[in-house]
Amino acid sequence: MKILTAWLRAILPTISVSDRQLADDLTLRGIAVEGVHDLGVSPSGEMNGHLFEMDITTNRVDAMNHRGIAREIATMYALELPALEPVLPAVREAGAASAARPFSVRIDPEAEALCGRFTARVLRGVTVRPSSGEVKTFFELLGQKQISNAVDASNFTLLGMGHPTHAFDLDRIEGGIVVRLARRGEVLKLLDGTTRTLEADDLVVADEQKALGLAGVMGGWESMITPGTKNVLVEAAWFDPAAVRRSSRRHGLHTDASHRFERGADFNAAPLANDLVAELILRDGGTIDGTMVDLAVPAIEQRTAKRAAISLSVREVQRHLGTTVEDGKSEGRRGEDRTSENKKNESRQGEDRDVAGESALRSAVVEQYLTSLGCRMTAEGDGSYSVALPSWRLDLEREIDLIEEVARVFGYNRFANTLPMPLPVLRHPVEAQERAVRTRLLALGFTEAISSTFASAAEAALFAPEETSGSTGEGVALRHVAMENPLSAEATLLRPTMLPGMLAMLANNLNRDVREARLFEQGQVFLGTADDEGVGEVMETASLVLGVTSETTERTSLYSAEDAPIFELKGVIESLASLFTLAGGAESLRFSSEKVPAWMEAGRGGIALLHNRPLAVFGELSRTEQAARKLRQPVYLATIAISELLTLPLQVHTAREISRFQAVERDLSFLFPDTTKWHTIAATIEALALPELERLLPLEIFRDPKGKAIAVGQHSLLFRLVFHSATRTLTDSDLVEASRRVTEALTAMGGVQRMPGS
Amino acid sequence: MTPEIPHLPSYEDPALDAAFEALHGEVATRSARITTLEERETFRLDWLGRKQGRLKLIGDAWLKAAPAEARRALGLRFNQLKQAVDAALERKVPDGSASRSVASAVPKASLDLSLPGLVRRPGTPHPLLETMHAMVKVFGDLGYSVNLGPQVETDFYNFEALNFPPNHPARDTQDTLLLANQSGKAARDRLLMRTHTSPVQIRTMVANDPPLRIVIPGKVHRNDAADATHSPIFHQIEGLAVGPEITFSDLKGTLDHAMKAMFGADVRTRFFPSFFPFTEPSADVQISCIFCGGAGCRKCKHSGWIELLGCGMVDPAVFAAVTDERRRQGRDPEVYDPRRVSGFAFGMGVERIAMIRHGVADIGQFYSGDLRFLEQFG
């Protein structure tokens, strides 16, 4: 909204500060001036002042006009705001006909709840011409479009004192005015030239035959003022905020009038606004025909202009607002140090002080502020007041609203900085667990990322098909959760898995020639219970997703280059699980390559099971998907049901005594068919329960694709046995028996021992 | 010390195999540990030493007692073992050894310290979440406990209880992403993506008695078009203090302290009246520009101030909604009587703070997963 300082100074000639100071002071009191534009000098050599770009909060519709802001200024600087006193010519006694019959206006009973007040005045013999005087001057400075004196009068009144009005061409009105609900399907052509089909709860201003305008939103085409208009009907009314909002939204018409009515207009302003419009039109000639019709619906008046006074206690003001920087300092001593001498003097003057004690927010200050804003204060003793509320401040309803006004006018920055008593901090149940996971992932070289909370139906179907969603504890099937108003066609669902988001981020990197990426995201995934009526409940579950793509993975003695990322993901899963206290220890986590999901390349990944419940799925994205997404290199994904871990206590490690004696190692090498897995080999060796065997680890796997050194379908495995005794130094001879038993067991399962050098 | 001579239980082939296998294993293990020339010499003397070498000692011991028919098998195996030891000695001592004897053989100039350091790169924490954790810590130090809440909320918690009545214009400022198929439900139960972290205020008060000090970090969503400074997905940090004597000056002091803790002791704060349905009085808070100190620069649009957060005293209507809901749930409804308690709440956008802190121009980069962006914060 735009405000002219010239107009403000015309309303309130006693403003003594500069325009810029005014802008700062208003902003600090909640009437935000967002921009100050110098308007230069007029052709006649006068300063045009400044144009303020305002940002008025939605609750302050009363300040969305020049007079409203002038009232704030008057309160701020303790100035007197002159009353608005329109001067109208005497009513023309034009003949028996019109005097005997005032213009007919009625509010349909069904519309009474929506139209609280309606004023109408007939002006005859007007001259429609361009505006002049202050209307012309101010409109030019504002850049406001000028139409004609009659239309501009309405706009000038709106910008001046805030109340919307409308001027009709009287000769287009058939019979009197009826404020009524629209008939469903009724058609109305509006001032903007569009034709609208109305609904049964649209409120219209109509004549005996037809709708003339959409009440509180926009006037109609049919009855608009034209250069040929001779007689005018001026309307100023009060419409229900919700009704105006409903029509405004339904028809997509956000107008200056609807903006104000929606936020609650001033019930008492209607007749005054009507006077102001009439005054402006009549400056260019014409007469008033009959007295102004003024219909008011008592029930609405009761809850707006005549709403009950509220009580305010200065003690409550202080209880909510606390300490000011001036507390305990008497007027005129601001900034001086308080000595004990001063304090004594003040306490001797105790009789002057009211219940506000030493607070700067004394009764007198509270009373002055609120009175200036339009409240009528009746003292009820002991620092309490009965406060009658101004009709233009429907946002004031409760004591706290008045306390806010006091704080606002006093100035927020005059309050002290105090601290409340601190309370002991309670840790959120999973805070430490989440932090441990995050810290571990960062240490393992994964970078933290955040992706979209939404997914497309196609991605959801591929990465988390509904048939795998499971069910609630009560056995209700869990489904994908759809959005009513999705952000895009790619975001129609709440993500049931974070895999698509991770894949998108990896693709994003590859498309920008970033070929080394290790990312993780911790977040929520969503599934819902749906019945015939729609989505019942939504389950939000903590999830973790990992993504790896790399062009530099090298083969190691144990893993081929293309397998290494899969084992990296497996390692991360094991590492995360090791942070938590698992019932059953590390053995409760196992890995399987059965039942892998459709997005994964066959045989290129697996699932992790914790206590036989799925904990993670990890592996290489299928080649088909990789090709479909035009990814230049393989990508590896893992999704981890981290919620399964986060509820577990973090591992508290107990130190074990480290043996004083040296460990001894024995490396053995065997040939095995590829069908024999390490797991089986390890299990076989562990089953021997070799005394003092501390560790068993694979060192190297070798295959010869040419089948020369080792036949195709076989591999050689080098592994190490580490023996460690807590009580003695083991010697090589201790190992002879152990390695004999290992050799025997592995030979029995089809292994062929290889001698070093053979 | 005399090296031990392994016991040979018999001269049958299997016993010989087992014994030699153990020795081969020992050769392999020990030779694998050789990293320096000195160690290689020790290894050589240990096995091949003319007087105390293991081959000599073992050979002497076993051959002496061997029956004639076993000598051939024994000799063959001794030859293989010696070959294994020789092969191990012929292997190159690995490069890059830090040992002096190796280093002295290498000209000093070959160490080019101007090459980049070799390091395993850790992952990079997300600048947004780092900022969020830092802010949470500031309030943790002030005695605030963390609470979290769901991203899918009901209309009641997101709007109604926070004094946004149905059809209220204030809802327009928070364009809401709604869940589909909700029309069968009562208005208060309809599900939506929370538009702010404020519903957790309500959840906390419904579940806990005062006094309270909580800080609520979290992800929120609005149906906003994305541009350089707006994203439909963003993060907020919310705070709430409720107790018998919480005042507006406490709110001021708390936020002034928090901003100084976050941005430096020189930072000043400035409070403006504002409007939020769930606080009254409400305020917007600006901090003196952290780049120019308040003199005015491009970052603060030459105003000297940066707008950072919204706050206010908890509106009695919010306490009333909490009281109603507590009554509904069978909890003591009286404890949030606004005549007995007061409170303040504040909220801030994490993206905005992170953008200011790190000079990020495009909010979308936070959600791109683009490592060229993210790795800058490592």
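In the text below, chain A, chain B and the rest are named by the order of the sequence lines, each starting its count at 1.
Proximity to chain A involves both the backbone and the side chain of E130(B), based on heavy atoms less than 4.5 angstrom apart. Contact of R30(B) with chain A is made through the side chain alone, with heavy-atom distances under 4.5 Å. For S452(A), the parts sitting under 4.5 Å from any heavy atom of chain B are the backbone and the side chain alike. Heavy-atom distances place both the backbone and the side chain of V535(A) under 4.5 Å from chain B. Both the backbone and the side chain of R213(B) come within contact range of chain A, judged by heavy atoms closer than 4.5 Å. For N147(B), the parts sitting under 4.5 Å from any heavy atom of chain A are the backbone and the side chain alike. Contact of E405(A) with chain B is not made at all, since no heavy-atom distance falls under 4.5 Å. Proximity to chain A (any heavy atom under 4.5 Å) is restricted, for I233(B), to the side chain, taken from C-beta onward. When heavy atoms are compared at a cutoff of 4.5 Å, L494(A) approaches chain B solely by way of its side chain, counted from C-beta outward. With a 4.5 angstrom heavy-atom cutoff, L212(B) touches chain A only via backbone atoms. Neither the backbone nor the side chain of V285(B) comes within contact range of chain A; no heavy atoms are under 4.5 Å apart. Contact annotation for F272(B): both backbone and side-chain heavy atoms come within less than 4.5 Å of a heavy atom of chain A. Neither the backbone nor the side chain of A88(B) has a heavy atom closer than 4.5 Å to any heavy atom of chain A. Using a 4.5 Å cut-off between heavy atoms, P127(B) does not touch chain A at all. For T492(A), no part lies near chain B; criterion is any non-hydrogen pair under 4.5 Å. With a 4.5 Å cut-off on non-hydrogen atoms, A407(A) touches chain B through its side chain but not through its backbone. Of the atoms belonging to R190(B), not a single heavy atom falls under 4.5 Å from chain A. Contact of F377(B) with chain A is not made at all, since no heavy-atom distance falls under 4.5 Å. Heavy atoms of R518(A) lying under 4.5 Å from chain B belong exclusively to its backbone. Both the backbone and the side chain of A283(B) have a heavy atom closer than 4.5 Å to some heavy atom of chain A. Residue contact with chain B, scored on non-hydrogen atoms closer than 4.5 Å, is absent for L506(A). For chain A, the nearby parts of I246(B) are the backbone and the side chain; heavy atoms of each come within less than 4.5 Å.
Across N59(A), T323(A), D667(A), V736(A), the residue that shares the most heavy-atom pairs under 4.5 angstrom with chain B is N59(A). Comparing S183(B), P125(B), G243(B), A18(B) by how many heavy-atom pairs each has under 4.5 Å with chain A, the most go to P125(B). Across G445(A), A449(A), P420(A), the residue that shares the most heavy-atom pairs under 4.5 angstrom with chain B is P420(A). Listed options E537(A), E665(A), M502(A), E484(A) were ranked by heavy-atom pairs under 4.5 angstrom with chain B; first place goes to E484(A). Annotation: maximal heavy-atom pairing with chain A below 4.5 Å, among G184(B), A32(B), P14(B), S145(B), occurs at S145(B). Contacts with chain A were tallied for L192(B), V27(B), T254(B), T124(B); T124(B) has the most, counting heavy-atom pairs under 4.5 Å. Comparing T57(A), L519(A), T453(A) by heavy-atom pairs within less than 4.5 Å of chain B, the highest count is held by T453(A). For the options T324(A), D401(A), L735(A), heavy-atom pairs under 4.5 Å to chain B are most numerous at D401(A). Between chain A and the residues L251(B), D284(B), L148(B), the largest count of heavy-atom pairs under 4.5 Å involves L148(B). Counting heavy-atom pairs under 4.5 Å between each of L487(A), V538(A), N508(A), V430(A) and chain B puts L487(A) at the top. Taking chain A as the reference chain and counting heavy-atom pairs below 4.5 Å, the highest number among D256(B), T247(B), D189(B) is found for T247(B). Highest contact tally toward chain A, considering only V146(B), T29(B), L142(B), is held by V146(B) [criterion: heavy-atom pairs under 4.5 Å].
For the pair D315(B) and R398(A), the salt-bridge criterion is met [side-chain N within less than 4.0 Å of a carboxylate O]. No salt bridge links R222(B) with D175(B); every basic N to acidic carboxylate O contact stays at or beyond 4.0 Å. Between R77(B) and D17(B) there is a salt bridge, since at least one side-chain N of the basic residue sits less than 4.0 Å from a carboxylate O of the acidic one. Comment: E26(B) does not engage R666(A) in a salt bridge, judged by the lack of any side-chain N to carboxylate O separation of less than 4.0 angstrom. Under the 4.0 Å criterion applied to side-chain N and carboxylate O atoms, E434(A) and R438(A) are not assigned as salt-bridge partners. A salt bridge is absent between R741(A) and E744(A); no separation between the charged side-chain nitrogens and carboxylate oxygens falls under 4.0 Å.
Listed for the S231(B) side chain is no donor-acceptor partner under 3.5 Å among the backbone atoms of F234(B). With N511(A) contributing its side chain and A507(A) its backbone, the two residues share a donor-acceptor pair below 3.5 Å.
The number of heavy-atom neighbours closer than 6.0 Å to CZ of R121(B), taken from other residues, nucleotides and ligands shown, is 12 or below. Residue-environment remark: CZ (R33(B)) exceeds the threshold of 12 foreign heavy atoms within 6.0 Å. The local environment of NZ in K82(B) is sparse, with at most 12 non-hydrogen atoms from other residues, nucleotides or ligands closer than 6.0 Å.
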_One pair to check against side chain to side chain donor-acceptor pair (under 3.5 Å): R194(B) and Q151(B). What are the steps and the verdict?_
CA-CA 6 Å; R194(B) 67 175 175 192; Q151(B) 290 171 31; over 6 Å; no
*Run the numbers on F446(A) and F520(A) for ring-ring contact (aromatic ring centres under 6.0 Å, His included), then give the verdict.*
CA-CA 6 Å; F446(A) 284 76; F520(A) 77 95; 7.3 Å; no
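Note: T279(B) OG1 to M313(B) CE = 10.0 Å, rounded to the nearest 0.5 Å. With rounding to the nearest 0.5 Å, the separation of CD1 in I214(B) from CG in N208(B) is 8.0 Å. Taking CG of L179(B) as the start and NZ of K185(B) as the end, the distance is 8.0 Å to the nearest 0.5 Å.
Relative orientation of the Y367(B) and H235(B) rings is parallel, given thresholds of 30° and 60° on the angle between their planes.
Here the shortest heavy-atom pairing between F276(B) and C311(B) reads CE1-N, 3.7 Å.
A cation-pi geometry, defined here as NZ or CZ lying under 6.0 Å from the six-membered ring centre and within 45° of its normal, holds between K252(B) and F271(B).
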